[in-house]
Asker: 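Quick one: the structure is below, questions incoming.
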Number of protein chains: 2
Amino acid sequence: MPRPPAGTPNARDKLLDAALSVIRAKGYSATSVDDLCAAAGVTKGAFFHHFRSKEALAVVAADHWSETTGGLFASAAYHRQTDPLDRVLGYVDFRRSLIAGEVCEFTCLVGTMVQEAYDAHPDIAAACGRSIFGHARTLEADIAEAMERRGMAGGGWTAAGLARHTQAVLQGAFILAKAGGGPDAAVEQIDHLKRYITLLFEARPGEGLPS
Amino acid sequence: MPRPPAGTPNARDKLLDAALSVIRAKGYSATSVDDLCAAAGVTKGAFFHHFRSKEALAVVAADHWSETTGGLFASAAYHRQTDPLDRVLGYVDFRRSLIAGEVCEFTCLVGTMVQEAYDAHPDIAAACGRSIFGHARTLEADIAEAMERRGMAGGGWTAAGLARHTQAVLQGAFILAKAGGGPDAAVEQIDHLKRYITLLFEARPGEGLPS
DNA sequence: TACAACATACCGACTAGTTGGTATGTATTT
DNA sequence: AAATACATACCAACTAGTCGGTATGTTGTA
């Protein structure tokens, strides 16, 4: 692939960026190819030059979402905490701070898409799954270290499981926000999540089980 | 309204029942009126005789969902527990027992619809909100009674807030199931929810605050 | 009881517009 | 020259919704 002038955003990038906001607001099915082209300021020819189909764009958009958000979290300040539990709680606080403004601005592209696509579009669903579970996996090491430091093994839960739970609560928070609760309803869920993690690490690990 | 033979399901009821399963599997936007008519075994004429529009059907379907599921929970056995906390945990166990089989069989119609409809279809979003928050409200009395019996006031959370949190975790659980986790991922979330509620009621309420 | 007047429930062809996708063109860069 | 990166024009299938019509009531009245 020959390098374009590298400063001007090409049609492909403009379409992907447009997809993030348009699909988050309208959903995958209700977003037409023309909608995406209009939002990106490109023509249909450009669309089908870069993507085999609307479904193919959705898959790439999900990966694009993973990279974009992945970069945001990777460079966030909570990683600098020395206590691994503080890093986990710092992640939760950071997620909380992101919830503001219009609902479509803080909700999750892949959570929205997988609801519509899981049955009819397996490729999209798989891309969304990679994004959600891949992001959860970035939390595992800190949770596992916090568990080890406090001797938490044997409580009936795992680092991977708790990491997945954080994502479930976040996705549920977005649904409640969309159902009329707004940002407040979403923040409330994150506060419960933080309280849960705090309680988990305060509680004594399971008595009858070896650590 | 004159009573029809009362045993034969009419087109309206058949369409509403079809909507519950078809929209849960395909989503609202991807479900066409023809899809619904075919699933219900009725014609398009019957559809628009009973519903002004596809959007109007979705609103009635959301209310129909509330009634159907409402009846299921109202008649469940966990209400017979004498300890209010046991009733709350019994509700969680009951939700856990419902998660089995295909994803489209245990997921939530209104959670699916509101994701697509919250922006473009306010009437549908409002109906979904009534369903979710209305169902949450049915848990409030038991939670409040459990809080009172154990002197839990002042911990920074309320009965209504915890009730909403149960619904957020459930909705998030469905998304993770759709993202490839299957029933196991959903059950895992409910186990975390139960552990959270248990820990909450074991913890001592906030020290510096009056009860 | 008989008949007119009206209402409800439903049918299926039809339409105007939209959909994802294609075919073919042109300008720019290497 | 040749590939890339777009643009324009177009199409067949599908979309929600309409409309004229029918079959089967129900209701009022003489």
Side-chain angles (χ1 to χ4, degrees), chain A residues 1-19 22-23 25-62 64 113 116-117 119-124 127, chain B residues 1-19 22-23 25-62 64 113 116-117 119-124 127:
Chain A
M1 202 178 291
R3 210 170 315 156
T8 54
N10 56 8
R12 187 186 141 97
D13 292 338
K14 284 193 282 183
L15 279 165
L16 285 175
D17 286 337
V22 177
I23 296 179
K26 305 183 62 169
Y28 171 73
S29 299
T31 298
S32 70
V33 174
D34 284 333
D35 286 338
L36 291 169
C37 292
V42 305
T43 61
K44 230 166 173 180
F47 184 103
F48 286 99
H49 172 72
H50 290 289
F51 304 101
R52 260 185 306 103
S53 63
K54 181 186 167 186
E55 185 176 10
L57 169 122
V59 171
V60 180
H64 182 55
M113 276 207 299
E116 298 178 67
D119 196 45
H121 305 282
D123 292 349
I124 298 177
Chain B
M1 204 179 288
R3 209 173 313 158
T8 55
N10 56 9
R12 189 186 138 96
D13 293 338
K14 285 192 282 185
L15 280 165
L16 285 175
D17 286 337
V22 177
I23 295 179
K26 305 184 63 170
Y28 170 73
S29 298
T31 298
S32 70
V33 173
D34 283 334
D35 287 338
L36 291 168
C37 293
V42 304
T43 61
K44 224 165 177 182
F47 185 102
F48 286 99
H49 173 72
H50 291 289
F51 304 101
R52 258 186 306 103
S53 63
K54 182 186 166 186
E55 186 176 9
L57 169 121
V59 171
V60 180
H64 182 55
M113 277 207 298
E116 299 178 66
D119 197 45
H121 304 281
D123 291 350
I124 298 177

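Scope of the values below: all heavy atoms of this structure, side chains included, with no hydrogens, waters or symmetry mates. Below, chain A is the first sequence line, B the second, and so on; all start at residue 1.
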Asker: By nearest atom, which of the nucleotides D/dA16, D/dC6, C/dG20 is closest to the A/Ala46 side chain?
Answerer: D/dC6

Asker: Could you tell me the separation between the CG atom of B/Leu36 and the P atom of D/dG17, rounded to a whole number of Å?
Answerer: 12 Å

Asker: Between atom CD1 in B/Ile124 and atom P in D/dA16, what is the gap in whole Å?
Answerer: 12 Å

Asker: On DNA chain C, compare the nucleotides closest to A/Gly45 and A/Thr31; which residue's is nearer the 5' end?
Answerer: A/Thr31

Asker: Which listed nucleotide (C/dT22, D/dA5, C/dC11) is nearest to the side chain of B/Val42?
Answerer: C/dC11

Asker: Roughly, in whole Å, what's the span from NZ in B/Lys14 to P in C/dA9?
Answerer: 14 Å

Asker: For B/Phe51 and D/dA16, what is the distance between atoms CZ and P respectively, to the nearest whole Å?
Answerer: 15 Å

Asker: Should the pair B/Asp35-B/Lys26 be classified as a salt bridge under the 4.0 Å nitrogen-to-oxygen rule?
Answerer: yes

Asker: So do the side chains of B/Glu116 and A/Tyr28 get within less than 4.5 Å of each other, counting heavy atoms only?
Answerer: no

Asker: In whole Å, what is the span from the CZ atom of B/Phe47 to the C1' atom of C/dC14?
Answerer: 18 Å

Asker: Rounded to whole Å, please give me the gap between CD1 in A/Ile23 and P in C/dG20.
Answerer: 11 Å

Asker: Which nucleotide in the list D/dA7, C/dG20, C/dG12 gets nearest to the side chain of A/Lys44?
Answerer: C/dG20

Asker: For B/His64 and B/Asp17, which I'm curious about, is there any donor-acceptor pair between the side chains at under 3.5 Å?
Answerer: yes

Asker: Have a look at A/Thr43 and say if it touches a base, only the backbone sugar-phosphate, or nothing, with a 4.0 Å heavy-atom cut-off.
Answerer: base

Asker: Looking at B/Ile124, is its backbone amide N or carbonyl O close enough to the side chain of B/Glu55 to form a donor-acceptor pair, meaning the two atoms are under 3.5 Å apart?
Answerer: no

Asker: So do the side chains of A/Val42 and A/Phe47 get within less than 4.5 Å of each other, counting heavy atoms only?
Answerer: no

Asker: Checking contacts here: which listed nucleotide (D/dT15, C/dC10, C/dG21) is nearest the side-chain heavy atoms of B/Asp34?
Answerer: D/dT15

Asker: In whole angstroms, how far is the P atom of C/dT19 from the OH atom of A/Tyr28?
Answerer: 13 Å

Asker: For C/dC10, does OP1 or OP2 lie under 4.0 Å from any side-chain N or O of B/His49?
Answerer: no

Asker: Grab the CZ-P distance between B/Phe48 and C/dG12 for me, whole Å please.
Answerer: 16 Å

Asker: Could you work out which one of C/dT19, C/dC10, D/dC6 sits closest to the side chain of B/His50?
Answerer: C/dC10

